[in-house]
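Some notes on the structure that comes next.
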Amino acid sequence: LQYGDIVFGPSAGGRDLVLAEGVDNLRQQITSAIVTALGADPMNVGYGFGGYAAIADESHPMMRREKLRFAVLSVLQADPRVKQVLRVLIGSEIEAFRTGTPAAAAGSPDITGWGTTRIEAQFTIAGGETVRLAVGPVAGGMP
C-alpha cells in the first residue's frame, strides 16, 4: 500500500510521531473519512461520510440503518485500496452477527439515546487480505 501518514507510536523515548503504513494507515484514513461529515473539507467537498444526515434526518429506523450502510459503502468504495466489501454492520447487527443471532432478532434501534451508533466493516484489499474496521460511537442526531 503506497499511502502513508503519521500517528503516535512507540519510540525509544516513549511515544513519538511515527509513519503509519499499510493496513494501519488504511484503517486510519477510512476512520478519518467516517468521522468527517461529507463536504466539511472545503478543499475536497466529496470527502467524508454522508451518514450524519441519515442519523439526523431519517426517522424510520430501518431506512436510517440502510442509509448509514450506503454511506459507509460509499466511503469504502472511494478508496482505491479497497477491492471488495464483505459486510457492513450497524449498531445491534454487530452483536447479532458475533453471536449468530438471526438478523431479524437484531432489532430496529440502531441509534442509542445519545444519538450515537457503532459501525463495523469487513473488506478485502489488494493481495486478498481481509481487513476489519470498527468505528464508533459515531454521533449524529437523536432518533
Side-chain angles (χ1 to χ4, degrees), residues 1-11 15-143:
L1 300 175
Q2 64 201 17
Y3 301 86
D5 210 342
I6 55 173
V7 295
F8 281 107
S11 71
R15 292 182 55 87
D16 202 353
L17 293 176
V18 296
L19 185 63
E21 300 176 296
V23 174
D24 290 337
N25 176 253
L26 176 63
R27 281 191 179 105
Q28 179 183 0
Q29 288 186 344
I30 290 175
T31 300
S32 178
I34 290 176
V35 300
T36 303
L38 182 62
D41 181 350
M43 303 306 274
N44 184 1
V45 294
Y47 176 80
F49 179 60
Y52 294 108
I55 292 173
D57 298 339
E58 183 59 58
S59 61
H60 192 276
M62 297 302 282
M63 288 298 295
R64 181 174 46 234
R65 181 178 289 176
E66 294 313 308
K67 286 181 177 183
L68 282 169
R69 192 180 326 278
F70 180 76
V72 173
L73 285 168
S74 295
V75 168
L76 293 172
Q77 292 173 339
D79 194 306
R81 298 169 290 179
V82 175
K83 299 303 177 198
Q84 180 183 15
V85 178
L86 303 173
R87 75 180 52 88
V88 174
L89 303 172
I90 309 291
S92 57
E93 293 176 335
I94 298 168
E95 187 61 30
F97 180 78
R98 286 202 179 106
T99 61
T101 305
S108 61
D110 51 88
I111 308 294
T112 70
W114 297 100
T116 64
T117 193
R118 293 176 303 131
I119 296 169
E120 187 173 292
Q122 189 174 24
F123 51 90
T124 59
I125 58 175
E129 183 178 354
T130 300
V131 177
R132 184 183 149 272
L133 175 71
V135 181
V138 174
M142 295 300 284

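For the single chain, residues carry numbers from 1 onward in sequence order.
Residues satisfying the ring pair (Phe, Tyr, Trp, His ring centres under 6.0 Å) criterion with Phe123, sequence neighbours excluded, are absent altogether. Under the side-chain contact (heavy atoms from CB on, under 4.5 Å) criterion, Arg15 pairs with Phe8, not counting sequence neighbours.
Taking CD1 of Ile34 as the reference point, atom CG of Leu76 lies at 6.0 Å (rounded to 0.5 Å). Asp79 CG to Gln29 CD: the interatomic distance, rounded to the nearest 0.5 Å, is 6.5 Å. Of the inter-residue distances, the one linking Thr124 atom OG1 with Arg81 atom CZ reads 13.5 Å to the nearest 0.5 angstrom. Distance check: Arg64 CZ to Asp57 CG gives 10.5 Å after rounding to the nearest 0.5 Å. Rounding to the nearest 0.5 Å gives a distance of 9.0 Å between CG of Leu133 and CD1 of Ile119. With rounding to the nearest 0.5 Å, the separation of CD in Gln84 from CD in Gln77 is 10.5 Å.
Not a single donor-acceptor pair under 3.5 Å links the side chain of Arg27 to the backbone N or O of Gly22. For the pair Tyr47 (side chain) and Ala33 (backbone), a donor-acceptor distance under 3.5 Å is present. Put simply, the side chain of Ser32 never gets that close to the backbone of Gln28: no donor and acceptor are under 3.5 Å apart.
Using a 4.5 Å heavy-atom threshold, the side chains of Arg69 and Glu66 count as touching. Contact check for Arg98 versus Glu93: no side-chain heavy atoms found under the 4.5 Å cut-off.
In this structure, Glu58 does not pair ionically with Arg65, as no charged nitrogen and carboxylate oxygen lie closer than 4.0 Å. Salt bridge Arg118/Glu95: absent, no basic N to carboxylate O contact under 4.0 Å. In summary, Lys83 and Glu129 do not engage in a salt bridge, as defined by a charged side-chain N under 4.0 Å from a carboxylate O.
Counted by atom type alone, Tyr52 and Thr36 present zero donor-acceptor pairs between their side chains at under 3.5 Å.
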Exercise. I would like to know whether Glu120 and Val88 meet side chain to side chain contact (heavy atoms under 4.5 Å, CB included); could you show each step before the answer?
Key: CA-CA 6 Å; Glu120 187 173 292; Val88 174; over 6 Å; no
Quiz item: Yes or no on side chain to side chain contact (heavy atoms under 4.5 Å, CB included) for Phe49 and Leu68, after CA distance, side-chain angles and deciding distance?
Solution: CA-CA 9 Å; Phe49 179 60; Leu68 282 169; 3.9 Å; yes
Practice problem: Please step through side chain to side chain contact (heavy atoms under 4.5 Å, CB included) for the pair Ile30 and Val82, ending with a clear verdict. | Solution: CA-CA 10 Å; Ile30 290 175; Val82 175; 4.0 Å; yes
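Gly50 approaches Ala71 most closely through the heavy-atom pair C-CB, 3.8 Å. Taking all atoms of both residues into account, the shortest heavy-atom contact from Leu38 to Val45 is CD1-O, 3.9 Å.
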